[in-house]
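This structure is a prediction, so every number in the text was calculated from the model and none was measured. For reference, positions follow the sequence shown, starting with 1.
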Amino acid sequence: MKIKDRAGSIQDLINISAITDGFIIDEQGASIAVYELKGGINSMTADDNALTAAIDNIKNAFNTLKPGEEAQIILQSLRYDPSPLTDAYKNNIDTRHSVEEYRTFYPEYLENYLHGFCRENRVLDFKFYLLFSLNRSDMMLKNFFSGRKKEAKKDITTLMREVSLRSRGFLGALKPCGIDSFSMPAVDIQRMLETALNPSGAREFSANKPDNSFHSLKS
C-alpha cells in the first residue's frame with residue numbers, strides 16, 4: 001500500500017492489484033506478506049528489566065533482516081468491544097438457578113455497565129500487524145507488464161513463495177519477544193484495510209467473496 005503526498009480520493013491513496021490469503025499484491029507486482037502479531041508483554045505492568053529486554057529483542061529481530069527484506073509493524077487502534085466478556089459470562093449461567101436475579105438482572109447489569117464504561121471512557125483495543133516484502137530490482141515481474149498473464153501468474157506465485165520463506169527468519173526472531181505471528185485470510189486483510197481507510201463506516205465482508213476485496217476497497 002503506497003500513500004501519495006497529495007490529498008485525493010480513496011482509490012488514489014491505495015495501490016492494490018489483488019488481495020489473497022496471506023498477501024497483498026500491489027499494481028507493480030510486488031508481494032507483501034501480511035501477518036497478525038499477538039503476545040508480547042504489558043508495558044503498563046512490566047518492570048524496567050523486562051522492558052529493556054523486550055526492546056533489545058525487537059532490535060535484534062530487525063538486525064536479522066537480509067538485503068532486500070523489508071519489515072514494517074503496523075499498530076491499529078479500535079474501540080474495544082466487551083461483548084466476548086459478557087457473552088462468556090452469560091454462557092456460564094445456570095439457566096435452572098432458583099434465583100431469578102442471578103439469571104436475568106446481573107447479566108444485564110454487567111452488560112450495560114461494561115458497554116457504557118468502554119464507550120464513555122473510549123477504551124481502545126490494539127491490534128498489531130506485520131507487512132513483510134522484498135525490494136529487489138531483479139525480481140520485477142517482466143511478464144506482468146508485457147501482458148503474458150500465464151507467465152506473470154507463475155512469477156507472482158514464485159515470488160509469494162519466496163517472500164513467505166524469507167519472512168520466517170524474521171518471524172522466528174520475534175519469538176524471544178514473546179510474539180507469535182499468524183498468516184491472515186484474504187477477508188481479514190480486506191477488513192483491516194477497510195477499517196484503516198474508512199474507520200467510521202467499515203462494512204461487513206463475506207468470507208466467500210475475497211476475490212473482489214480490492215474492488216470493494218476502491219469503490
| query | For I55, which residues count as a side chain to side chain contact (heavy atoms under 4.5 Å, CB included) partner, sequence neighbours excluded? | reply | K59

At their closest point, which heavy atom of [X] faces which heavy atom of [Y], and how far apart are they?
| X | Y | answer |
| --- | --- | --- |
| G172 | P176 | O-CD, 3.6 Å |
| C177 | A173 | SG-O, 4.4 Å |
| V163 | S133 | CG1-CA, 4.4 Å |
| P107 | Y89 | CA-CE2, 3.8 Å |
| A61 | L174 | CB-CD2, 3.8 Å |
| S167 | Y35 | OG-OH, 2.7 Å |

Pairwise distance [atom1]([X]) to [atom2]([Y]) - rounded to 0.5 angstrom:
| X | Y | atom1 | atom2 | result |
| --- | --- | --- | --- | --- |
| L131 | I24 | CG | CD1 | 6.0 Å |
| D125 | Q76 | CG | CD | 10.0 Å |
| L37 | S181 | CG | OG | 6.5 Å |
| K90 | S83 | NZ | OG | 8.5 Å |
| E70 | R166 | CD | CZ | 11.0 Å |
| I189 | R191 | CD1 | CZ | 11.5 Å |

| task | Report the C-alpha distance between Y113 and T86 in whole Å, list the side-chain angles of each, state the deciding distance to 0.1 Å, and finish with yes or no for side chain to side chain contact (heavy atoms under 4.5 Å, CB included). | result | CA-CA 10 Å; Y113 172 78; T86 55; over 6 Å; no

| Is there side-chain contact between L171 and D180, with at least one heavy-atom pair below 4.5 Å? | no

| query | Is the closest side-chain heavy-atom distance between H115 and P82 below 4.5 Å? | reply | yes

Should [X] and [Y] be regarded as members of a common hydrophobic cluster, given that ILVMFWY residues are connected when their side-chain heavy atoms come within less than 4.5 Å of each other, either directly or indirectly?
| X | Y | value |
| --- | --- | --- |
| V99 | Y106 | yes |
| L130 | L75 | yes |
| Y129 | F182 | no |
| L159 | L165 | no |
| V187 | L78 | no |

Take a 6.0 Å sphere around [atom1] of [X] and say whether it holds more than 12 heavy atoms from other residues, nucleotides or ligands.
| X | atom1 | value |
| --- | --- | --- |
| Y109 | OH | no |
| E108 | CD | no |
| F117 | CZ | no |
| D47 | CG | yes |

| query | Taking the side chain from N60 and the backbone from D56, do they hold a donor-acceptor pair closer than 3.5 Å? | reply | yes

| Test item: T52 side-chain N/O and D48 main-chain N/O as donor-acceptor pair under 3.5 Å | yes

| field | Lys NZ or Arg CZ of K38 over F128 ring: under 6.0 Å, within 45° | value | no

| request: Show your working on side chain to side chain contact (heavy atoms under 4.5 Å, CB included) between M160 and T20 and close with a plain yes or no. | output: CA-CA 10 Å; M160 289 169 60; T20 64; 3.6 Å; yes

| query | Should R103 and D94 count as an ion pair when the cut-off is N to O under 4.0 Å? | reply | no

| said: Ring centres under 6.0 Å, that's the criterion: do F62 and F170 meet it? | reply: yes

| remark: side-chain contact (heavy atoms from CB on, under 4.5 Å) test vs F132 passes for just one of L65, V34, I32, I73, namely L65

| task | Apply side chain to side chain contact (heavy atoms under 4.5 Å, CB included) to S164 and F23, showing your working. | result | CA-CA 9 Å; S164 179; F23 289 90; 4.1 Å; yes

| message | Pair R79, V123 - check side chain to side chain contact (heavy atoms under 4.5 Å, CB included), show working. | response | CA-CA 6 Å; R79 181 166 293 182; V123 179; over 6 Å; no

